[in-house]
J.: 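Structure in C-alpha cells, see below.
Atom set for the values below is all heavy atoms of this structure, side chains included, hydrogens, waters and symmetry mates excluded.
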Amino acid sequence: MPVLVHGRDFNEATNTVAVNAHGCLVLLKAKVVRDDQVSLINPKTAEELPAKVVSLGKPEDGKIPVGVEFGEPSPLFWRINFPPEDWFTSSERKRPASSARPVASTPVPAKK
C-alpha cells in the first residue's frame with residue numbers, strides 16, 4: 001500500500017511490504033535508526049499518525065526494510081479489514097465436512 005513517511009529531516013513516498021493494526025514494514029532510502037520518531041501518512045485519506053522505528057533489516061537495492069510501530073493500535077488507518085484476533089485459535093476452527101474422518105462401522109454377521 002502506498003504510504004508517506006515523514007521524519008525529522010526527510011519525506012519519502014514508498015509502499016508497504018506488510019501492514020497490521022500496530023504499524024507496517026516499509027522499504028526506505030532515508031537513513032533512520034531504531035527509536036526514531038516518524039509520521040505515517042495514508043495518501044488516500046491524508047490521515048497522519050505518529051510512529052517510531054522499531055526494527056531495521058539488511059539493505060536491499062539501496063533501501064532498508066524498516067519496521068514502524070504506531071503509538072497505539074490503529075486498525076482503521078489502512079482502510080482494510082483484518083481478521084479477528086482469535087481467528088487462528090484452534091477452538092474457533094472447525095474441520096470442513098469433506099475432511100472429517102469416516103466413522104468405522106461394525107460388520108453385521110451374515111444370516112445362516
Side-chain angles (χ1 to χ4, degrees):
M1 298 186 68
V3 67
L4 300 172
V5 182
H6 174 72
R8 187 170 18 121
D9 56 359
F10 73 92
N11 286 303
E12 188 171 333
T14 188
N15 288 304
T16 59
V17 175
V19 299
N20 64 39
H22 303 280
C24 65
L25 179 66
V26 293
L27 296 175
L28 292 180
K29 290 180 184 176
K31 294 189 186 325
V32 294
V33 296
R34 196 174 160 98
D35 294 326
D36 271 358
Q37 297 297 310
V38 296
S39 291
L40 296 180
I41 303 164
N42 183 330
K44 290 182 180 180
T45 63
E47 183 178 1
E48 181 173 354
L49 287 178
K52 74 175 180 176
V53 174
V54 293
S55 67
L56 300 167
K58 295 181 182 180
E60 302 171 10
D61 299 324
K63 293 184 177 184
I64 300 170
V66 178
V68 180
E69 184 178 80
F70 297 133
E72 60 184 57
S74 300
L76 299 178
F77 180 78
W78 303 112
R79 300 299 192 260
I80 60 175
N81 292 322
F82 293 101
E85 290 290 328
D86 63 353
W87 190 52
F88 289 110
T89 62
S90 60
S91 65
E92 295 294 320
R93 280 191 253 164
K94 293 185 179 177
R95 181 181 294 196
S98 63
S99 66
R101 288 188 231 162
V103 176
S105 60
T106 306
V108 179
K111 291 184 180 181
K112 293 186 183 183

J.: Mind checking who shares a hydrophobic cluster with Val33, ILVMFWY linked at side-chain heavy-atom distances under 4.5 Å?
T.: none

J.: Give me each pair satisfying side chain to side chain donor-acceptor pair (under 3.5 Å) with a member in residues 51-67, each pair once, sequence neighbours excluded.
T.: none

J.: CG/Asp35 to CD/Glu69 distance, rounded to the nearest 0.5 angstrom?
T.: 10.0 Å

J.: Please identify each residue that fulfils side chain to side chain contact (heavy atoms under 4.5 Å, CB included) with Leu56, with sequence neighbours left out.
T.: Val32, Val53, Ile64, Val66

J.: Would you be so kind as to tabulate the donor-acceptor pairs closer than 3.5 Å made by side chains of residues 9-16, with sequence neighbours excluded?
T.:
unit_1	atom_1	unit_2	atom_2	d
Asn11	OD1	His6	ND1	2.3
Glu12	OE1	Lys29	N	3.2
Glu12	OE1	Ala30	N	3.0
Glu12	OE2	Lys29	N	2.8
Thr14	OG1	Leu27	O	2.8
Thr16	OG1	Met1	N	2.8
Thr16	OG1	Met1	O	3.4

J.: Suppose clustering is done on Ile, Leu, Val, Met, Phe, Trp and Tyr with side-chain heavy atoms closer than 4.5 Å. Which residues sit in the same group as Val54?
T.: none

J.: Counting distance only, does the side-chain N/O of Trp78 pair as donor-acceptor with the main-chain N or O of Asn20 below 3.5 Å?
T.: yes

J.: Considering only heavy atoms from C-beta outward, does the side chain of Val5 approach that of Val68 to under 4.5 Å?
T.: no

J.: Following the transitive rule for hydrophobic clusters with a side-chain heavy-atom cut-off under 4.5 Å over Ile, Leu, Val, Met, Phe, Trp and Tyr, establish whether Phe70 and Val3 coincide in one cluster.
T.: yes

J.: Donor-acceptor pairs under 3.5 angstrom involving side-chain atoms of residues 37-49: please list them, not counting sequence neighbours.
T.:
unit_1	atom_1	unit_2	atom_2	d
Ser39	OG	Glu48	OE2	3.2
Asn42	OD1	Lys44	N	2.9
Asn42	ND2	Phe77	O	2.7
Thr45	OG1	Glu47	N	3.2
Glu47	OE1	Arg79	NH1	3.4

